[in-house]
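Step one of this worksheet: look at the structure below.
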Amino acid sequence: MRRRAPLRRPALVRTAPLLLALAATTLLLTACGTEHAGAGNTGADAAESPSPVQVDDPGTDGVRITSLTLPSTSNSPSPTRSYSVSADSLATNSGISAEYEVTNKGTETLTYSIVFTFMSRDGGAMDNQTATVRDVGPGKTVRGTVRVGVLPPSTPQVTQAKVLKVTKVPASEAPAALGTCPASGIRVSADEGDAAMGLRVVGLHLDNCGTRDYTVDGYPLLELLDDARKPVDGVKILDGSGEITTGAGPDNPPRPVTLAPGESATAGLVWRNTTQSGTPVNVPYVQVRAKAGADPVTVTPNLDLGTTGKLGVRPWEKAER
């Protein structure tokens, strides 16, 4: 008699570990701190390219975040795909980014400076990033992306982002972008400043990026502007900083400064934010002219003058190379 060959049973497929891995890689934190599956992403694709999460942001002064991209919470490599990551990307990119749009609802072309803050689930700020969006025409919308650099390993996980601050100036008065030179041949800007024990100092910088000598004499000419970029009354602009402080050393006397092409000069804004009786004064914008007749440049030092009613101005001095 012939013996029948034994029936072969289909091999059991171990699916549980794979399903768990897929589920772990498709979870993406939303801007409100809850978790949802990333649509259309499974397995290694979700870990490598997380989908942006749509954000319901009402916006701040014409700027709103439209989506937020966060890295996968799983650090396990894909068992089915190999890929390489450059050292440069590891050093400069956290995988966190936000898409945003800027809509100019005004009647003149504007340049925007926007501070974005990226936060943990409990609302603590983990990182701030600033974006400059230039030449947005009336009624126009411009879109962009802001990215977070590498964060320390101990940083709590970023789960949300918001627009922290928006400043906007007429495009014709915006400080020139780094590496560019206005038609005037001079570039005016303000630095981030320094604050200690209630004393504030912000540097003004004048660069001769043109092709001929440029001479300034004495102090930069200033106009203080409020949130609507209208003149601020009740603040005395002083020649020199002696009435504000002597702790930073005496000012050099004003004198003519001639800058050859490629040379720079500095001046300074000095104030205290002391608050006593009265209403504190904040000045978000300062319109600066290097000298009489020069084109105006509007900078955003955010002067918190308290109730002092005074702003000291240091004269132009040639910067050391």
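In what follows, residues are counted from 1 in the order of the sequence shown.
V166 and V102 fall within a single hydrophobic cluster, where Ile, Leu, Val, Met, Phe, Trp and Tyr are joined by side-chain heavy atoms under 4.5 Å apart, directly or via other members. Residues V313 and L238 do not share a hydrophobic cluster, defined by chaining ILVMFWY side chains whose heavy atoms lie under 4.5 Å apart. Under a hydrophobic clustering in which Ile, Leu, Val, Met, Phe, Trp and Tyr are joined whenever their side-chain heavy atoms come within less than 4.5 Å, directly or via other members, I237 and L206 fall into the same cluster. The hydrophobic cluster containing I96 does not contain M119, counting ILVMFWY residues as joined when their side-chain heavy atoms lie under 4.5 angstrom apart, directly or transitively. Both V146 and V55 belong to a single network of hydrophobic side chains, linked directly or stepwise wherever heavy atoms of I, L, V, M, F, W or Y lie under 4.5 Å apart.
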Point to revise | Test side chain to side chain contact (heavy atoms under 4.5 Å, CB included) applied to D304 and R200, step by step | key: CA-CA 9 Å; D304 53 341; R200 309 285 198 258; 3.1 Å; yes
Check your understanding: Run the side chain to side chain contact (heavy atoms under 4.5 Å, CB included) check on V158 and L70 step by step: do they pass?
Key -> CA-CA 8 Å; V158 171; L70 303 172; 4.1 Å; yes
Practice item. Please step through side-chain hydrogen bond (donor to acceptor under 3.5 Å, both in side chains) for the pair T103 and T141, ending with a clear verdict. Key: CA-CA 4 Å; T103 301; T141 295; 2.9 Å; yes
Exercise for review: Evaluate the side chain to side chain contact (heavy atoms under 4.5 Å, CB included) criterion for residues V281 and D226: first the C-alpha distance (whole Å), next the side-chain angles of each, then the deciding distance (0.1 Å), finally the verdict.
Suggested key: CA-CA 9 Å; V281 175; D226 62 15; over 6 Å; no
Check your understanding: Going through the checks in order, is the side chain to side chain contact (heavy atoms under 4.5 Å, CB included) test met by V297 and V169?
Key -> CA-CA 9 Å; V297 175; V169 302; over 6 Å; no
Check your understanding: Can you check salt bridge (Lys or Arg N to Asp or Glu O under 4.0 Å) on E108 and R229, steps first, answer last?
Key -> CA-CA 13 Å; E108 60 182 330; R229 300 194 305 279; 2.8 Å; yes
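Within the 4.5 Å cutoff, the side chain of V133 has heavy atoms near those of the I114 side chain. In this structure, the side chains of V286 and L225 stay at 4.5 Å or more apart for every pair of heavy atoms. Residues R289 and D295 fail the side-chain proximity criterion, which asks for heavy atoms closer than 4.5 Å. Side chains of D57 and V163 form a contact here, defined as non-hydrogen atoms less than 4.5 Å apart. Within the 4.5 Å cutoff, side-chain heavy atoms of L305 are placed close to those of V283.
Heavy atoms only, all atoms of each residue included: N252 and P315 are closest at O-CG, 3.3 Å. Here the closest heavy-atom approach between residue Y112 and residue D61 is recorded as CE2-O, 4.1 Å. Smallest separation of non-hydrogen atoms from V216 and A290: CG1-O, 3.8 Å. What you find for T117 and A125 is that their closest heavy atoms are OG1-CB, 3.6 Å. Considering all non-hydrogen atoms of both residues, M126 and S120 come closest at CG-N, 3.8 Å. Contact between G149 and Q129 at its shortest, heavy atoms only, is N-NE2, 4.1 Å.
When V63, T66, I65 are each tested for a side-chain contact (heavy atoms from CB on, under 4.5 Å) with E101, only one passes: T66.
D191 places a side-chain N or O within donor-acceptor distance of the main-chain N or O of G203, the cut-off being under 3.5 Å. Under the 3.5 Å distance criterion, the side-chain polar atoms of R272 are matched with a main-chain donor or acceptor of I244. In this structure, N273 contributes its side chain and G306 its backbone to no donor-acceptor pair below 3.5 Å. In this structure a side-chain-to-backbone donor-acceptor pair under 3.5 Å is present from S94 to V148.
Atom CD of E320 sits about 9.5 Å away from atom CD of E317, to the nearest 0.5 Å. Rounding to the nearest 0.5 Å places CD of Q160 at 9.0 Å from CZ of R121. Here the straight-line distance linking atom CZ of R212 with atom CG of L259 works out to 14.5 Å at 0.5 Å rounding. Between atom CG of residue L303 and atom CG of residue L222 there is a gap of 9.0 Å, rounded to the nearest 0.5 Å. Atom CG in L224 sits 12.0 Å away from atom CG in N282 (nearest 0.5 Å). How far CG of L68 is from CZ of F118: 6.5 Å, rounded to the nearest 0.5 Å.
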Distance-only criterion, 3.5 Å: show the donor-acceptor pairs between side-chain atoms of residues 261-268 and protein atoms not counting sequence neighbours.
from : atom 1 : to   : atom 2 : distance (Å)
E263 : OE1    : A260 : N      : 2.8
E263 : OE1    : K318 : NZ     : 3.3
S264 : OG     : D207 : OD1    : 2.6

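Listed by first and then second residue, the ring-ring contact (aromatic ring centres under 6.0 Å, His included) pairs that reach into residues 271-321 come to none, sequence neighbours excluded. Annotation: side chain to side chain donor-acceptor pair (under 3.5 Å) contacts involving residues 213-224, sequence neighbours excluded, comprise T215-T258.
In this model, a donor atom of one side chain and an acceptor atom of the other lie less than 3.5 Å apart for D251 and S241. In summary, the side chains of E99 and T145 do present a donor paired with an acceptor at a separation below 3.5 Å, with no hydrogens or angles considered. Between the side chains of T274 and T308, no donor-acceptor pair of N or O atoms lies under 3.5 Å.
Residue-environment remark: CZ (R134) exceeds the threshold of 12 foreign heavy atoms within 6.0 Å. More than 12 heavy atoms of other residues, nucleotides or ligands sit less than 6.0 Å from atom NZ of K291.
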